[in-house]
Amino acid sequence: QVQLAESGGGLVQAGVSLKLSCTTSGLPFNRYGMGWFRQAPGKEREFVAAISWSGGSTYYVDSVKGRFTISRDNAKNTVYLQMNNLKPEDTAVYYCAASRLTTAQTMGVRKQNDYWGQGTQVTVSS
């Protein structure tokens, strides 16, 4: 069965870096676009970053450009989100998502995905 498992979240102070990981199983990882979404208290889930199924392109929401970097390691069936210079407004539950043969740009505008992880909490204090 398909599983996506996020890890790496935590409670940190503003300016600190964190690296999230999402390890997948049960799917042909190299045929799936991978993305990160987040949901803050009282707000809808929003797109954060995505990488195409081919690994050839990435896409980010404006608020994280220059601070966050998404990458994937097909040998490990894992997608990462390197988060630098964290801000209190980054506080949210971060979810990993997978969409078959999907580009990074499409994941940025389409909320539907084939699979979702359970999320990992990131809390940034000021």
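The figures here come from the full heavy-atom set of this structure, side chains too, leaving out hydrogens, waters and symmetry mates. From a predicted model like this one, the values you see are computed outputs, not experimental measurements.
Using a 4.5 Å heavy-atom threshold, the side chains of E46 and E44 count as separate. Between F68 and D90 the shortest side-chain heavy-atom distance falls below 4.5 Å. Inter-residue side-chain proximity for D73 and Y80 is flagged as met; some heavy-atom pair is nearer than 4.5 Å. In this structure, T91 and V122 have side chains that are not in contact, with every pair of non-hydrogen atoms separated by 4.5 Å or more.
The hydrophobic cluster containing L27 does not contain L101, counting ILVMFWY residues as joined when their side-chain heavy atoms lie under 4.5 angstrom apart, directly or transitively. A chain of hydrophobic side-chain contacts below 4.5 Å, direct or via other Ile, Leu, Val, Met, Phe, Trp or Tyr residues, connects V16 to V64. Residues V48 and Y60 fall within the same hydrophobic cluster, defined by Ile, Leu, Val, Met, Phe, Trp and Tyr side chains chained together at heavy-atom separations under 4.5 Å.
The aromatic rings of F37 and F47 sit perpendicular to each other, their planes meeting at more than 60°, with 30° as the lower class boundary. Ring pair W116/Y95 is perpendicular by interplanar angle, where above 60° counts as perpendicular and below 30° as parallel.
Shown here is Q13, whose CD atom has no more than 12 heavy atoms of other residues, nucleotides or ligands within 6.0 Å. Within 6.0 Å of the CD atom in Q118, the count of heavy atoms belonging to other residues, nucleotides or ligands does not exceed 12. No more than 12 heavy atoms of other residues, nucleotides or ligands shown are found within 6.0 angstrom of OH on Y59.
Rounded to the nearest 0.5 angstrom, T24 OG1 and L4 CG are separated by 6.0 Å. To the nearest 0.5 angstrom, M107 atom CE is 11.0 Å from S57 atom OG. Here the NZ atom belonging to K19 is positioned 5.5 Å from the OG atom belonging to S71, to the nearest 0.5 angstrom. Put simply, OH on Y94 and CG on L20 are 7.5 Å apart, with the number rounded to the nearest 0.5 Å.
A donor-acceptor contact shorter than 3.5 Å is absent between the side chain of S99 and the backbone of T102. T78 places a side-chain N or O within 3.5 Å of a backbone atom of K76 that can act as its donor or acceptor partner. The backbone N or O of A5 sits nowhere less than 3.5 Å from a side-chain atom of T23 that would complete a donor-acceptor pair. Of the possible polar contacts, one joining the D114 side chain to the R100 backbone as a donor-acceptor pair under 3.5 Å is found. Without hydrogens or angle criteria, R67 side chain to S63 main chain gives a donor-acceptor distance under 3.5 Å. Between the side chain of R72 and the backbone N or O of F29, at least one donor-acceptor pair lies under 3.5 Å. Under the 3.5 Å distance criterion, the side-chain polar atoms of E6 are left unmatched by any main-chain donor or acceptor of T120.
With hydrogens and angles left out, the side-chain atoms of S17 and N84 include a donor and acceptor closer than 3.5 Å. Side chains of Q121 and T123: a donor-acceptor N/O pair is present below 3.5 angstrom, by distance only.
Residues M34 and I70 approach most closely at O-CD1, 3.8 Å, considering heavy atoms. Of all heavy-atom pairs spanning L81 and A49, the tightest one is CD1-CB, 4.0 Å. Closest approach of V93 to G119, counting heavy atoms only: CG1-CA, 3.8 Å. Here the closest heavy-atom approach between residue A92 and residue A40 is recorded as CB-N, 3.8 Å. For S126 against A14, the heavy-atom pair with the smallest separation is CA-CB, 4.5 Å.
Remark: D62 engages K65 in a salt bridge, criterion side-chain N to carboxylate O under 4.0 Å.
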